Amino acid sequence: MQIAKNFLILRGIKADGRISLALERKPIKVATLLDEEQFNHNGHGLLHNRTVFLEDQMHDWAWENGRFRYFSRVAGVADVLIVYEVGDVFFCPQCGTKKEVLDTLCGNCGHNPDA
């Protein structure tokens, strides 16, 4: 699962793109926040259509010369997740235990991903 490690939330942003907002650096991802409680509960997981709606650069958002525009079709006004850094979290497909590395034995149930 991909998680947001460094991010900010812009509250109540109109999705028509007419207003630009100052952002010092370009985001690597932008998403409309759908379920903030679940987003926080699962460690800031970027689960498309569950916790967030991942937006396409140039189609739904733009950043140029320190100015950000948001023109999503998902909502008229939304809380917008600006992501600057992401990371990956892995889980055992057998028991669901969180793992640090994808292709390792599960310390909980012993599941072997190479078997």
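These figures come from a predicted structure and were not determined experimentally. Heavy-atom basis, side chains included; hydrogens, waters and symmetry copies ignored.
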So for atom NE2, which belongs to His41, do other residues, nucleotides or ligands contribute more than 12 heavy atoms lying within a distance under 6.0 Å? no
From Glu36 CD over to Arg11 CZ, what is the distance, rounded to the nearest 0.5 angstrom? 4.0 Å
Would you compute the distance between atom CG of Leu46 and atom CD1 of Ile3 and round it to the nearest 0.5 angstrom? 8.5 Å
Establish whether Leu8 and Ile19 are linked, either directly or via other cluster members, by ILVMFWY side-chain heavy-atom contacts under 4.5 Å. yes
Does Val74 belong to the same Ile/Leu/Val/Met/Phe/Trp/Tyr cluster as Phe71, with side-chain heavy atoms less than 4.5 Å apart forming each link? no
State the NZ-CG distance between Lys29 and Asp56, to the nearest 0.5 angstrom. 10.0 Å
So, does Asn6 use its side chain to make a donor-acceptor pair with the main chain of Tyr84 at under 3.5 Å? no
Rounded to the nearest 0.5 Å, what separation is found between the CG atom of Leu54 and the CG atom of Leu34? 9.0 Å
CD1 (Ile82) and CZ (Phe68) are apart, to the nearest 0.5 Å, by 3.5 Å
Donor-acceptor check, side chain of Trp63 to backbone of Leu23, threshold 3.5 angstrom: yes or no? yes
Check step by step if side-chain contact (heavy atoms from CB on, under 4.5 Å) holds for Met1 and His44. CA-CA 10 Å; Met1 174 173 66; His44 307 130; over 6 Å; no
Are the side chains of Val86 and Ile28 in touch, meaning some heavy atoms are under 4.5 Å apart? yes
Separation of Arg50 CZ from Gln38 CD (nearest 0.5 Å): 6.5 Å
Under 4.5 Å between side-chain heavy atoms, hopping through other hydrophobics if needed: is there a path connecting Leu33 to Leu10? no
Please report the shortest heavy-atom distance between Val52 and Ala31, naming the atom on each side. CB-CB, 3.7 Å
When hydrophobic residues are tied together by side-chain contacts of less than 4.5 Å, even through go-betweens, does Leu21 share a cluster with Trp61? yes
Just grab all the side-chain hydrogen bond (donor to acceptor under 3.5 Å, both in side chains) pairs involving residues 67-77, residues at least two apart or on different chains. Ser20-Arg67, Thr32-Tyr70, Glu55-Ser72, His59-Arg73, Asp60-Arg73
Ignoring hydrogens, what is the shortest heavy-atom contact between Ala75 and Ala15? Give both atom names and the distance. O-CB, 2.9 Å
Side-chain heavy atoms under 4.5 angstrom apart, residues restricted to Ile, Leu, Val, Met, Phe, Trp, Tyr: same cluster for Phe91 and Leu47? yes
